[in-house]
Each structure stands twice: as C-alpha cells, then as structure tokens.
Amino acid sequence: MRARIVIVEDEPDLRDAVAEYLGAAGYEVATAESAAAARSLVETQSFHLAILDIAMPGEDGLSLGRWLRSKLPIGIIYATAAGTALDRIVGLELGADDYIVKPYELREVLARVRSVLRRVPQPKELQDKKAGTDRRSVAFGPFQADLDGRLVTGANGAVIDMAKSEFDVLEIFLTRANRLLTRAAISEAIGFTEDPESSRAVDIRIMRLRKKIEADPANPKFLRTVRGEGYIFSLPTGDGN
C-alpha cells in the first residue's frame, strides 16, 4: 500500500510542483488550497502524512494540524517562511514531526517526507500480517512500550496518549538505554540537521515526553539530563525484551 500524502498550500504553483514531485516519487498525493478544503478531503479519505503551510488565509496550518491529529494517526510537516522561528517552535510544541522552511528545494521535501513516513504507524492491513510474530517491547517502571506497534501503555494497560514525534524520541532512548546521548546524536537519529533550532526541538520533545512518563518531570527518574553533555535514559538491566 502506497503512502498517501495531502498537501495544503495556498500558492498554486508551489502546491502543484510539490504534488507532482512526490507523485513521481511513488506516493499517492492529494492537494487542498485551504484548511477548509483539507477538512473536506479528510472526511472522505485517509492520509499517512500532511504537509501544511502555516500562513494561509482563513484557518492557519497550526489550527488545521491540531484538528488532523484529532481525526487521524497522521504525520505532520509544517511549512513556514524563513525567519519565523516562533511558528516552528509552536508547531513542534503541538506535536509536529518536522518542518521545512520556505523557499525550499523539492529534494529536501522528499527527504523529510521519507524520514517522517518511516516513523508513521503502518496501515492496519500490514500490521495484521505481523500478528503473532515476535515484537520488540521494553518495560520501564509501570510502562510497557511496544516499539513495533508504536504504543505505550501504563498502569492497568491504559494507553498513554503520545504524539509520533514524542514516541520517536522515546524509541531512540529505549534502544540506546543507559548510554549518554548528545543533542547532536538525537537530532541525527530523528533526521534533523544539527543546528541551534534542532537542539531546541529536541529539548521540547524531551520536555513533553517527561510530562507523560515521569511522576515528577522536574526530577526525572528515567530520562535524566547530564549537564553540558546531553541526556541518558536509565533502564535497569533486564527491563528490555
């Protein structure tokens, strides 16, 4: 099953160029010129990934992204104008998986699309084929992380609501437990370039993650800061499967 992508962009030339390029790369692509048009599409179709322009007339991309996340388990890439760092930070805080800065090259868009889609949950029909096979899982404290199903459960099996970007960071730490990871290493594993904004993005995701897995986020038990070095996820030997 080919990944399905929706591009929401009010500039028609840019919208058509991105759609044509991603279509040639093998993806199923739909386009919308506004948030309202995108909402109509989602009522009748499902998508694995959305590329959303932040600054659109009417409803902006950030608001549309929040709505999409309430409807679909979808990856989100925000497109923002150069120099609007605040929009990018807000987007990451809302659970965006990545962002691109205008003007951008189509090759960069494709690279980021591929990176995000690797982290988006697989379509249900593909997951069903894996039923009964060995799955990677890691237990820590009251939590159980199913790395293949990309699901975290807590006490009594309650599902922990977690954005894909948050699970990405958690998976990086769980598969490299008890090892010091620098921001540069985390950025590389996520697929970011190493720069000050990427470091800030890593910190934001870790902050959100701590709120969901730490009893006291200000004094974390699992995801600890090593001052001036990076982060380490403390996992007692034998907790992983």
Side-chain angles (χ1 to χ4, degrees), residues 1-121 123 163-165 168 187 190-198 200-201 204-205:
M1 179 178 179
R2 293 193 297 170
R4 305 196 72 248
I5 301 171
V6 59
I7 301 166
V8 188
E9 169 62 61
D10 64 316
E11 297 180 34
D13 291 343
L14 179 58
R15 183 175 66 240
D16 293 344
V18 176
E20 181 179 354
Y21 193 82
L22 294 179
Y27 299 108
E28 292 186 30
V29 182
T31 63
E33 71 280 4
S34 66
R39 286 173 178 259
S40 296
L41 276 176
V42 171
E43 292 298 339
T44 58
Q45 303 179 49
S46 63
F47 298 94
H48 301 95
L49 174 68
I51 301 175
L52 308 179
D53 183 20
I54 288 181
M56 294 186 293
E59 183 182 7
D60 65 25
L62 295 174
S63 173
L64 176 61
R66 288 194 298 269
W67 181 80
L68 285 172
R69 274 279 162 75
S70 73
K71 304 288 285 187
L72 297 169
I74 191 171
I76 293 178
I77 298 176
Y78 284 119
T80 182
T84 54
L86 179 60
D87 282 344
R88 294 195 288 276
I89 295 302
V90 171
L92 290 168
E93 289 176 340
L94 292 175
D97 295 286
D98 206 345
Y99 63 85
I100 48 179
V101 180
K102 295 181 177 181
Y104 49 74
E105 293 189 1
L106 293 176
R107 288 180 298 176
E108 178 190 3
V109 177
L110 179 58
R112 292 184 181 275
V113 163
R114 286 172 172 166
S115 177
V116 171
L117 284 174
R118 284 196 294 268
R119 310 192 297 266
V120 172
K164 286 181 284 298
S165 57
D168 294 340
S187 294
I190 293 174
F192 286 168
T193 56
E194 174 56 15
D195 56 39
E197 288 188 3
S198 292
R200 172 64 174 152
I204 289 172
R205 294 179 183 201

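The structure displayed is predicted, hence computed values, not measured ones.
Arg4 places a side-chain N or O within donor-acceptor distance of the main-chain N or O of Ser46, the cut-off being under 3.5 Å. At least one donor-acceptor pair closer than 3.5 Å links the side chain of Arg69 to the backbone N or O of Ile74. A distance-only check finds a donor-acceptor pair linking the side chain of Asp97 to the backbone of Ile76 [under 3.5 Å].
For the residue pair Tyr99 and Ile77, the shortest heavy atom distance occurs at CA-CG2, 4.1 Å. Taking all atoms of both residues into account, the shortest heavy-atom contact from His48 to Leu117 is CB-CD2, 3.9 Å. Residues Ala55 and Asp10 share a closest heavy-atom pair of O-OD1, 4.1 Å. Shown here for Ala35 and Met56, the closest heavy-atom pair between the two residues is N-CE, 4.1 Å. Here the closest heavy-atom approach between residue Ala30 and residue Phe47 is recorded as CB-CE2, 3.7 Å. Residues Val8 and Ala38 share a closest heavy-atom pair of CG2-CB, 3.7 Å.
The residues Arg112 and Glu108 are annotated as salt-bridged, a charged nitrogen and a carboxylate oxygen being separated by less than 4.0 angstrom.
Atom CD of Gln45 sits in a crowded spot, with more than 12 heavy atoms from other residues, nucleotides or ligands closer than 6.0 Å.
Residues Tyr27 and Val113 form a side-chain contact, since some pair of their non-hydrogen atoms from C-beta on lies under 4.5 Å apart. Side chains of Val18 and Glu9 form no contact here, defined as non-hydrogen atoms less than 4.5 Å apart. With contacts defined as side-chain heavy-atom distances shorter than 4.5 Å, the pair Val6/Val42 does not qualify. Taking the side chain as every heavy atom from C-beta outward, Val29 and Tyr21 never approach each other to under 4.5 Å.
For the atom pair CD1 (Ile100) and CG (Leu106), the distance works out to 9.5 Å, reported to the nearest 0.5 Å.
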(request) Show your reasoning for whether side chain to side chain contact (heavy atoms under 4.5 Å, CB included) applies to Leu68 and Leu52. (result) CA-CA 11 Å; Leu68 285 172; Leu52 308 179; 4.0 Å; yes
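Here salt bridge (charged side-chain N to carboxylate O under 4.0 Å, His left out) pairs that include residues 33-62, with residues two or more places apart or in two chains, are Arg39-Glu59, Asp53-Lys102.
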